[in-house]
Amino acid sequence: MKVYKTNEIKNIALLGNSGAGKTTLTEALLYESGIIRRRGKVLAKNTVSDYFPVEQEYGYSVFSTVFHVEYNGKKLNIIDCPGSDDFVGAAVTAMNVTDTTILLINGPQGPEVGTQNQFRLTDSLKKPVIFVVNKLDSENCDFDQVLEQLRIIYGSKVVPVQYPLNVGAGYNAMIDLIKMKKYSWADEGGAPTIEDIPASEMSKAEDLHNALVEAAAEHDDALMEKFFDTMELSEEETVLGIRKGLVARGMFPVCCVCAGKDMGVHRLMEFLGDVVPAVDEMPAVANTQGVEVKADPNAPTSLYFFKTAVEPHIGEVQYFKVMSGIVHGGDDLTNADRGSKERIGQLFVCAGSIRDNVDEMHAGDIGCTVKLKDVHLGNTLNAKDSDNRFDFIKYPNSKYSRAIRPQNEAEMEKMMTLLNRMHEEDPTWIIDQSKELRQTIVNGQGEFHLRTLKWRLENNEKLMIQYDEPRIPYRETITKAARADYRHKKQSGGAGQFGEVHLIVEPYTEGMPDPDTYRFGGQEYKINVKGKDEFPLEWGGKIIFINAVVGGAIDARFMPAIQKGIMQRMEQGPLTGSYARDVRVIIYDGKMHPVDSNEISFMLAGRNAFSEAFRNAGPKILEPVYDVEVLVPADYMGDVMSDLQGRRAIIMGMDSDSGFQKLVAKVPLKEMSSYSTALSSLTGGRASFSMKFSSYELVPTDVQNKLIKEFEEKEQEE
């Protein structure tokens, strides 16, 4: 295969809602470019994309597929991404390592909520967007309505470069507004007949052509000047203007295809080859030091590894982007993240499971290799003159969690090894061995996401697992001040144990003044602060220790032991055994023995005094509350709001967002356990949501009583 230079390489992410036809379009593009000789079909399970067993089992894409097509001396690297929001990690990765995004629109459905989410990602990453409307042969497709919806949502930047004729079951032709020609196909598709635009369409075609040319001219002063002088641009000038408009996100071209019948696909490939900017025309990526690294073949070599796939009979296939320089088969490179040395054995260009060997790859190109010793997802390999590291991909927060365990406890270590390996393949599978919850938690983007993980473990790895409801990381705190004292005394021959601690606990808030006086049971306690220690807790909040002991009642050398005992109790609150937080402890008196006092005595005395005081200080349970944002079609808004209110949600606001309604709420984590499934059921899969931690808040009294009762019953059982 030809070695392509940096200015001949174009990188594209192929996105779209589930069911838009991305896998079918991939097959048609590969067929038109000659990579494959026969187009596969999703139902026949013989496509270049979706070749993993789990994808063929469920009938939807789970992993992204890297492939390339060659056109007119240009190499188009395309990454076909899953459409489901559950597998958004693949889309996020693809958009970060490519320069332009195709958003494929399901013609009968128009822009869907998945389209909206994916467009938001392109906006945050400042990536050019090309809309491609597919399934024009569907009875329910209305291209003009789809175009109008796109314009309503995304504004006047949406400009058609083609429009179809005979939309519906009889679809067989389109008008190309760049070439100003009619393309038509036989019923089975294939090579088009290209002819002049018929008189009946000429007026509409000219109006749309003029609008396209004007939009293309807006992004270049010379083109704009010529357009004002002549009211026309050549085909080459129009293409140049579209490319500049794409780079500036000042223009979103709209193309049309019928991928299932291979109608318009070759022309789409031509369009992509002509207008998509090459990698050297796009902004440079910054390394972890904030230094921009341009796609320069003359710079030292750096490879960024963005995807890992584990394939039968091969093992790990590592996909990379050449960030700078030129890489050759046999090159010795250094892993900037791990310090290890690696030799690149072979370089491959990809088309799903089809791989062709190449001798070298230039800056900006995308390829893969195998049999690396110690390279992981997100690692950078450098030549000796480079010290780059890259960490520019940021994944969304998890939305669905389950506790996971093997049905055979003896296989726990095997399960953890497999989970960590699967995280390499999909970084949005987050694995957490929670000491607090005493569970292994797997976090993902939705029920389908975790169901896929379970299928792979059980069918590919023959490891039977069980999902359980994850425990909630509650916190305990106090609401008022309380006092207690405790004497630990033990005598069993020889030296004994003696320690006595008197202390006060109270709720801690940031910036509160030092204490001076307390009153309990009619008695006043004056506090003389001798020292203060402040400890941020790893689980959130703080504990403050104040030493107010006077007259040497407790030697200063025993204070760390008292603190240690109290900290042990903070790790297991009395209400539910959860972590405690935001407490101020004032140690104001005590007693010690000249012989029997030691650290263990004061540790036990401090722990028990603290336990008693905590129970008398109006203890309360706090629960994690999350900020939840739901994007939903307007006709489902009422149902979604009612469902959230049934989950103890506090509605914070509502807004219109590009054709959808956006609902913002604060919801307890306990109530979000199966929300992704419920929301999909309520809206027919047409809504999406995101969530992130907000704060810990007091639970209602009835919920607290229920939690305490459940904990007591569990303690009795154990």
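No experiment lies behind these values; they were computed from the predicted model shown.
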Seminar exercise, completed: Of all heavy-atom pairs linking Val113 and Gly685, the shortest is CG1-O, 4.3 Å
Exercise. If you take all heavy atoms of Gln445 and Asp86, which pair is closest and at what distance?
Worked result: CB-O, 3.2 Å
Close aromatic pair by centroid cut-off 6.0 Å: [X] and [Y]:
X	Y	value
His362	Tyr4	no
Phe119	Phe252	yes
Tyr304	Phe392	yes

For this session: Determine, stepwise, if the pair Val276 / Phe271 fulfils side chain to side chain contact (heavy atoms under 4.5 Å, CB included).
Result: CA-CA 8 Å; Val276 169; Phe271 178 76; over 6 Å; no
Problem set entry | From CA spacing to verdict: side-chain hydrogen bond (donor to acceptor under 3.5 Å, both in side chains), Asn7, Asp280 | CA-CA 6 Å; Asn7 61 2; Asp280 60 348; 5.0 Å; no
Exercise. Between the side chains of Asn335 and Asn379, is a donor N or O closer than 3.5 angstrom to an acceptor N or O?
Worked result: yes
Exercise. Within a strict 4.5 Å, meaning less than it, do heavy atoms of the Val97 and Asn11 side chains meet?
Worked result: no
Exercise. Side chains of Met282 and Val247: does their closest heavy-atom pair fall under 4.5 Å?
Worked result: yes
Problem set entry | Lys2: which of Glu8, Glu360, Glu70 passes salt bridge (Lys or Arg N to Asp or Glu O under 4.0 Å) | Glu8
Exercise. Could you go step by step and tell me if Thr334 and Lys384 meet the side chain to side chain contact (heavy atoms under 4.5 Å, CB included) rule?
Worked result: CA-CA 7 Å; Thr334 300; Lys384 62 180 181 180; over 6 Å; no
Exercise. If only atom types and distance count, is the side chain of Lys41 paired as donor or acceptor with the main-chain N or O of Thr47 below 3.5 Å?
Worked result: no
Problem set entry | NZ or CZ of Arg456 within 45° of Phe63 ring axis and under 6.0 Å | no
Problem set entry | Intermediate values then yes/no, side chain to side chain contact (heavy atoms under 4.5 Å, CB included), Phe390 and Met323 | CA-CA 9 Å; Phe390 297 98; Met323 304 301 292; 3.7 Å; yes
